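Heads up: the structure comes next, in structure tokens.
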Amino acid sequence: MKEYKVGIIGGTGMVGQRFITLMENHPWFRLTVIAASARSAGKPYGEAAEKRWVMPSPIPACARDLVVMDAVADAEKIASLVDFCFCAVDMPKDEIRALEERYARLECPIVSNNSAHRWTEDVPMVVPEINPEHLAVIPHQRKRLGTERGFIAVKSNCSLQSYVPALHPLRKYGLASALVCTYQAISGAGKTFERWPEMVDNCIPYIGGEEEKSEKEPLKLFGQVEDGKIVPAQGPAITAQCFRVACLDGHMAAVFMKFRDGCKPSMEQIKADWASYRGIAQELKLPSAPQQFLHYMEEPDRPQAKLDRMCENGMAISLGRLREDSQYDYKFVGLSHNTLRGAAGGAVLLAELLCAEGWIQPVK
């Protein structure tokens, strides 16, 4: 397999740190550049990140001695040194949109963890097991940007991974609507309990912008490419309520779903569909892909964040408690690791797909 030189823009934050740990010993990707804000630029990464480092493993050797570059001021140089960049910056959305487009116009493909471009019509927002066909919009985006190599691709909101993968195989039965309540870990806000002591023994029934993302982003994932843009699906109708809970890692969802009249599958059919579901990530055996995407647990008290968030290295989805409901047809519980499958790991998997299918090529 080809080797790709990789940059990480926003490497000192929590998601950036996760990206860096995932580059250690990656079979395809070689960490070449770390970029961050001007206050970190010019320092070895080990020095810039040491007091902020929150990952359970030490700073990887591949990153420790790299001198941090300025993500804004050094953009042209960074673009010349890498084959593509991951982006996980903490900036206002309009500034992120401008920065990502700048790198793309510098012929540096961007695989973004940020939400700024999720609703740009010609930017694919892809979960490899769900909608890889959306990558077909990239030539249209390149035409708009005036680029040959450069483009932007994004991953979806982290909490979607806890329920959308379970809904997707059931759409064929006429899934009409879903009610979703998500219970989201504090690392989703880039926090630890040491940095957010107010969250200890607490639950906050509000996460800014989260409910809108939870209701609308699945429809883009379920949509289709038409005339050079991604047109969102009309359904299923989703309503959501989102809570921040006193858990370090792992986003959980309580899901209620209703099918069109006469289309309701049996519980056995649903479990069989979940067990057998495979996507292109599994077919291509991408390095970060779980062998089995959806894992159903029969125990009445599973999945649990502490026990199950690391299922298949944090890249699989854990499901449980499927049962009939008095108001909807069925209800179930889903769980995903929010900084792995939901954030950096999902973006790495997307980058692997982009490389495997030739959308990203090493610079000669």
Side-chain angles (χ1 to χ4, degrees), residues 9-10 15 19 84-89 93-94 96-97 99-101 103-104 109-142 144-145 150-168 171 180 182 188 209-236 238 240 251 279-281 286 288-289 293 315 317 336 338-355 357 359-360:
I9 306 170
V15 175
F19 272 124
F84 73 93
C85 281
F86 293 111
C87 190
V89 295
K93 283 189 180 182
D94 58 343
I96 295 174
R97 278 191 289 269
L99 184 68
E100 291 182 343
E101 284 210 0
Y103 274 89
I110 291 292
V111 181
S112 179
N113 184 74
N114 301 303
S115 64
H117 273 292
R118 288 183 191 154
W119 284 100
T120 304
E121 291 181 326
D122 60 7
V123 171
M125 179 176 70
V126 172
V127 176
E129 291 92 345
I130 293 176
N131 62 327
E133 68 278 5
H134 285 194
L135 298 180
V137 81
I138 290 174
H140 301 277
Q141 184 194 149
R142 283 174 168 162
R144 173 175 64 86
L145 295 174
F151 66 89
I152 303 162
V154 301
K155 54 155 291 298
S156 62
N157 182 265
C158 55
S159 67
L160 267 62
Q161 313 304 318
S162 60
Y163 61 95
V164 171
L167 296 179
H168 180 60
R171 293 172 59 220
V180 180
T182 61
E210 199 73 9
E211 288 162 5
E212 181 182 19
K213 295 174 188 175
S214 300
E215 294 170 354
K216 293 185 177 180
E217 285 189 22
L219 301 182
K220 184 173 182 180
L221 291 176
F222 296 154
Q224 58 188 1
V225 177
E226 295 180 10
D227 299 323
K229 62 183 180 181
I230 299 166
V231 179
Q234 294 299 304
I238 298 174
H251 285 357
I280 194 169
L286 299 177
S288 298
F293 186 33
M315 292 298 290
I317 312 302
S336 63
N338 54 294
T339 70
L340 285 169
R341 168 57 78 158
V348 171
L349 185 64
L350 172 54
E352 293 168 357
L353 176 61
L354 289 162
C355 293
E357 296 206 321
W359 295 106
I360 298 175

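Hydrogens, waters and symmetry mates are skipped; everything else that's a heavy atom, side chains included, is used. All of these numbers come straight from a predicted model, not from anything done at the bench.
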Does [X] reach the side chain of [Y], with side-chain heavy atoms less than 4.5 Å apart?
X	Y	result
V154	T120	no
L160	L221	yes
F84	C355	yes
V127	N131	yes
R118	V123	no
P232	W119	yes
S115	N157	no
F151	P124	no

What is the minimum heavy-atom distance between [X] and [Y], and which atoms define it?
X	Y	result
H168	F222	ND1-CE2, 3.6 Å
I280	P128	CG2-O, 3.3 Å
A153	L354	CB-CD1, 4.1 Å
V126	P132	CG1-CA, 4.2 Å
H251	C158	NE2-SG, 3.4 Å
P165	I130	CA-CD1, 4.0 Å

For I230, the option from M125, Q224, H134 that meets side chain to side chain contact (heavy atoms under 4.5 Å, CB included): H134

Quickly, which of E101, K93, E100 forms a side chain to side chain contact (heavy atoms under 4.5 Å, CB included) with R97? Name it, please.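 Among the candidates, only K93 passes.
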
Looking at [X], I'd like to know if its [atom1] atom is crowded, meaning that more than 12 non-hydrogen atoms belonging to other residues, nucleotides or ligands lie closer than 6.0 Å.
X	atom1	value
E226	CD	yes
E133	CD	yes
D227	CG	no

Spell out, as yes or no, whether a donor-acceptor pair under 3.5 Å connects the side chain of Y163 to the backbone of S214.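 Here the side-chain-to-backbone pair exists.
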
Is R341 paired with E129 through a side-chain N to carboxylate O contact shorter than 4.0 Å?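 Counted as a salt bridge, because a side-chain N and a carboxylate O are separated by less than 4.0 Å.
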
If you measure from the Lys or Arg side-chain nitrogens to the Asp or Glu carboxylate oxygens, is any gap between E217 and K213 under 4.0 Å?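 Salt bridge: no.
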
Judged by modelled atom types alone, do S156 and Q161 share a side-chain donor-acceptor pair under 3.5 Å? yes

With no hydrogens and no angle check, just 3.5 Å: does a side-chain donor-acceptor pair link S159 and E210?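 Per modelled atom types, S159 and E210 side chains form a pair under 3.5 Å.
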
Given the options H140, R144, Q141, D122 meets side-chain hydrogen bond (donor to acceptor under 3.5 Å, both in side chains) only with R144

Test ring-ring contact (aromatic ring centres under 6.0 Å, His included) applied to F19 - qualifying residues, sequence neighbours left out: F86

